[in-house]
Amino acid sequence: GLLRHPEPFDVLEPGGERTGAPGARIIPYAIMTQVFAEHLRNGRSAEMIRLRAAFDGRAFHMAPPPPKEDNEYIRQRAEKDFRQEKVVPPVNDPHARLRLYRLQVEGLKRLCATLEMGVIEAPPETTEGGFLAPDYWGKDATHANADYGEVMLRHLETLVAATHDA
């Protein structure tokens, strides 16, 4: 979802407003959630199943960081893989990227539920309007920085301690 697809599309979240490009094809939320879940299942499930089977304790999977809102920042830092013939392809609308991110996390939750794993999402202090807060942006187009990693580790420690104390 980082780059704009040649055929405009939008996903209408339950209770959400359509904000995509006029004339964009609407893809049902349930279908896109299933697509993300299948993509994750096909790409990561064997590794996750192997890791999950290795112990009986509570297991967590960290969700990826939310997207960055600033398209210009992304455009200026687009990784080599996102460049075609030295031209940066158009970056997708920030709110479309955020919707796709939420679908990705929902798909991850569905997969993790089948493996009896919890999902650790970005703590509220690392986000602004659902997007990754600028203080936590990495130097490239998509990744978070070390400060975000520290917040996530503290969040994980809190969850593990709460689980252990329960």
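Keep in mind that the numbers below use all heavy atoms, side chains included, and drop hydrogens, waters and symmetry copies.
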Rounded distance (nearest 0.5 Å) linking atom [atom1] of [X] with atom [atom2] of [Y]:
| X | Y | atom1 | atom2 | result |
| --- | --- | --- | --- | --- |
| Ile26 | Ile31 | CD1 | CD1 | 12.0 Å |
| Met117 | Arg52 | CE | CZ | 6.5 Å |
| Thr126 | Tyr136 | OG1 | OH | 6.5 Å |

Answer whether the closest heavy-atom distance between the side chains of [X] and [Y] falls below 4.5 Å.
| X | Y | value |
| --- | --- | --- |
| Leu132 | Thr127 | no |
| Cys112 | Lys109 | no |
| Asp147 | Asp135 | no |
| Glu121 | Pro66 | no |
| Glu125 | Val151 | yes |

Original post:
Taking it one step at a time, do Ile120 and His61 satisfy side-chain contact (heavy atoms from CB on, under 4.5 Å)?
Top reply: CA-CA 6 Å; Ile120 301 173; His61 189 296; over 6 Å; no
Subject >> Nearest atoms (heavy-atom pairs only) where Ile74 meets Ala141 >> reply: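 Shortest heavy-atom contact: CG1-O, 3.7 Å.
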Subject >> Closest non-hydrogen atom pair between Pro94 and Glu69, with its separation >> reply: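 Minimum heavy-atom contact is CG-O, 3.4 Å.
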Original post:
What's the verdict on side-chain contact (heavy atoms from CB on, under 4.5 Å) for Leu159 and His155, showing C-alpha distance, side-chain angles and the deciding distance?
Top reply: CA-CA 6 Å; Leu159 286 171; His155 190 53; 4.1 Å; yes
**OP:** Test side-chain contact (heavy atoms from CB on, under 4.5 Å) on Leu156 and Phe60 and set out the steps.
**Re:** CA-CA 9 Å; Leu156 177 61; Phe60 298 96; 4.1 Å; yes
Subject >> Any donor-acceptor N/O pair, Asp140 side chain to Arg77 backbone, under 3.5 Å >> reply: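 No; zero donor-acceptor contacts below 3.5 Å.
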Original post:
Side chain of Lys68, backbone of His143: donor and acceptor closer than 3.5 Å?
Top reply: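 Answer holds: yes.
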Treating Ile, Leu, Val, Met, Phe, Trp and Tyr as nodes and any side-chain heavy-atom pair under 4.5 angstrom as an edge, say whether [X] and [Y] lie in one connected cluster.
| X | Y | answer |
| --- | --- | --- |
| Val105 | Leu115 | no |
| Leu111 | Ile49 | yes |
| Met62 | Val160 | yes |
| Leu98 | Leu100 | no |

Subject >> Under-4.0 Å salt bridge between Arg75 and Glu72 >> reply: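 Answer for the salt bridge query: yes.
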**OP:** Before accepting this row, confirm whether a basic side-chain N of the pair Glu106/Arg110 lies closer than 4.0 Å to the acidic partner's carboxylate O.
**Re:**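 Salt bridge present between Glu106 and Arg110.
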Original post:
Are Arg97 and Tyr101 in a cation-pi setup, meaning NZ or CZ lies under 6.0 angstrom from the ring centre and within 45 degrees of the ring axis?
Top reply: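 No, Arg97 and Tyr101 do not form such a contact.
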**OP:** Taking the six-membered ring for Trp and the single ring otherwise, decide whether the centroids of His95 and Phe131 are under 6.0 Å apart.
**Re:**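 Between His95 and Phe131, the centre distance is under 6.0 Å.
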